[in-house]
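First up is the structure itself, then whatever we jot down about it.
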Amino acid sequence: MSAADSYPKIMYADQEHSGVRIGVLSTLFIGFFLAFILLNVFLGSFSEGLLADFSLGFACIGGLLLALALAAIAEFLMKRFWHSGRKVTVEEEGLRAQINEDKDIRIRWSERATAIHWYFQMSGYPKAGRERRVQSSHLCLACQVRQSGEFLLVFSFMSKNKAKKFLEEGEYFQINPGEFYQVGLYKRLRGSLERPEIPSEVLLSDKGPYWLAEQRRWTEGLELEYKDFEEFVSLVDERVQE
């Protein structure tokens, strides 16, 4: 973020929150129902010909296409105007994060802070929640900023091609969430909201800080869009002096 940029700069987190997903699905079903009825009535008004003979099929296909287009427009508008309430605000003196209604985190550039980065592939463990929509070939990249006992964690899902820039330019430690899961195929397919316990010997090793940060990310992490994550990491790498 250059000096010419104005403050504050808001990065909205969790843009695909549950409200948006429910709203898009509702729009899809309602849109299909209405479009099907209107098209079926319109095509049924033809007394003969191809449109009259196959009016039901054309109404189904046309209704589905119109519903998909309407759902795409609704998703775009919802993401732009219907925010989750969780956000990161970049201020001149530091960062402020709204985790929930009762928790607010502040990171000040004038005080000492530390930052760590890590990543993992979205496969090999039971995904749950928002992670289910992410392709298994994608990566999750995360960053934790710690200051005076407070932790600010952000992350983003992206393709390996997009992640290449971060992994080449920054120090990202790779973890493998799947190595601590001992579950059968059913649980892998169903997903689990519970994370496995990390052995104490791992937490006490040089990998420990990353696994502790990953546990915090699961409960308090803020998901940012690719561009916002890129800007956040760049700002942290520039301003945080470890």
Side-chain angles (χ1 to χ4, degrees), residues 1-17 19-20 75-100 103-122 129-131 133-135 137-148 150-175 209-210 213-214 216-242:
M1 194 168 187
S2 66
D5 291 325
S6 59
Y7 296 99
K9 164 69 182 298
I10 298 177
M11 301 176 179
Y12 292 105
D14 308 330
Q15 290 198 18
E16 293 189 15
H17 56 87
V20 168
E75 181 179 17
F76 173 79
L77 294 175
M78 288 179 187
K79 284 184 178 180
R80 186 170 182 179
F81 298 108
W82 187 6
H83 304 301
S84 68
R86 287 155 52 86
K87 61 187 177 182
V88 177
T89 303
V90 182
E91 302 173 329
E92 190 170 3
E93 63 273 15
L95 301 169
R96 187 175 76 251
Q98 186 70 45
I99 306 301
N100 52 49
K103 187 169 184 178
D104 188 81
I105 295 175
R106 296 185 68 90
I107 302 294
R108 295 174 175 82
W109 303 135
S110 59
E111 300 178 17
R112 184 180 182 276
T114 59
I116 59 174
H117 308 74
W118 71 100
Y119 76 100
F120 58 91
Q121 186 162 332
M122 302 300 299
R130 295 194 303 272
E131 292 184 351
R133 62 176 165 77
V134 183
Q135 298 181 32
S137 60
H138 279 36
L139 301 178
C140 175
L141 274 66
C143 174
Q144 172 187 274
V145 182
R146 177 179 181 179
Q147 184 177 80
S148 301
E150 290 203 303
F151 300 87
L152 172 56
L153 297 103
V154 303
F155 64 97
S156 185
F157 302 116
M158 63 190 75
S159 66
K160 291 182 179 179
N161 186 47
K162 285 187 175 181
K164 185 177 180 181
K165 172 185 175 182
F166 295 94
L167 302 183
E168 290 180 347
E169 297 179 358
E171 296 183 3
Y172 283 79
F173 185 87
Q174 184 176 12
I175 64 173
Y210 300 98
E214 172 59 21
R216 295 189 192 97
R217 182 198 71 83
W218 178 246
T219 57
E220 299 184 3
L222 302 171
E223 181 188 351
L224 299 180
E225 295 296 300
Y226 173 82
K227 287 296 182 182
D228 286 339
F229 181 80
E230 181 180 32
E231 185 174 335
F232 179 93
V233 170
S234 176
L235 188 62
V236 167
D237 290 344
E238 176 186 349
R239 301 298 294 269
V240 172
Q241 302 298 323
E242 300 187 36

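Reckoned from all heavy atoms, side chains included, excluding hydrogens, waters and symmetry mates. We number each residue from 1, following the sequence as shown. Nothing here was measured: the structure is a model prediction, and the numbers come from that model.
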Q: Check the pair H117, D237 against side chain to side chain contact (heavy atoms under 4.5 Å, CB included), reporting the backbone distance first and the verdict last.
A: CA-CA 10 Å; H117 308 74; D237 290 344; 3.2 Å; yes

Q: Kindly compute the distance separating CG (L141) from CZ (F155), expressed to the nearest 0.5 Å.
A: 11.5 Å

(Q) Quick one, E223 and R86 - any side-chain contact, counting heavy atoms below 4.5 Å? (A) no

Q) Do you know the tightest heavy-atom contact between M11 and D228? A) SD-O, 3.7 Å

(Q) Would you call the rings of F173 and Y210 parallel, tilted or perpendicular, taking 30° and 60° as the class edges? (A) parallel

Q: Calculate, to the nearest 0.5 Å, the distance between atoms CD and NZ belonging to Q98 and K103 respectively.
A: 11.0 Å

Q) Are the ring centres of F166 and Y119 closer than 6.0 Å? A) no

Q) Under 4.5 Å between any side-chain heavy atoms of Y172 and L139, yes or no? A) no

Q | E150 atom CD, neighbour heavy-atom count above 12 within 6.0 Å | A | yes

(Q) Looking at every heavy atom in both A113 and V145, which two are closest together, and how far apart are they? (A) CB-CG1, 4.3 Å

Q | Spacing of H138 atom NE2 and R133 atom CZ [to the nearest 0.5 Å] | A | 10.0 Å

Q. For the residue pair P8 and T89, what are the closest heavy atoms and their distance?
A. CB-CG2, 3.5 Å

Q: Compare every heavy atom of L153 with every heavy atom of A213, then report the nearest pair and how far apart it is.
A: O-CD2, 3.2 Å

Q | Euclidean distance, K165 NZ relative to M158 CE, rounded to 0.5 Å | A | 10.5 Å

Q. Atom CD of E214 and atom OG1 of T219: how far apart are they, to the nearest 0.5 Å?
A. 9.5 Å

Q) Is the shortest heavy-atom distance from the side chain of Y12 to the side chain of L224 under 4.5 Å? A) no

Q | Side chain proximity check, E220 to F151, heavy atoms < 4.5 angstrom | A | no

Q: Kindly indicate, with the supporting measurements, whether the criterion salt bridge (Lys or Arg N to Asp or Glu O under 4.0 Å) is fulfilled by E93 and R106.
A: CA-CA 10 Å; E93 63 273 15; R106 296 185 68 90; 3.8 Å; yes

Q. Taking all non-hydrogen atoms of both residues, which atom of I116 and which atom of P209 are closest, and how far apart?
A. CD1-O, 3.7 Å

Q. So, do D104 and I99 sit near enough that their side-chain heavy atoms are less than 4.5 Å apart?
A. no

Q: For the residue pair F229 and V154, establish whether any side-chain heavy-atom pair is separated by less than 4.5 Å.
A: yes

(Q) Would the distance check show the side chain of Q147 and the main-chain N or O of E111 forming a donor-acceptor pair, the cut-off being under 3.5 Å? (A) yes

(Q) Tell me the closest heavy-atom pair linking L222 and A13, and the distance in Å. (A) CB-CB, 3.8 Å

Q | Gap separating the CE atom of M122 from the OG atom of S137, nearest 0.5 angstrom | A | 10.5 Å

Q: Start with the C-alpha gap between E131 and R217, add the side-chain angles, then the distance that decides, and say whether salt bridge (Lys or Arg N to Asp or Glu O under 4.0 Å) holds.
A: CA-CA 13 Å; E131 292 184 351; R217 182 198 71 83; 3.2 Å; yes

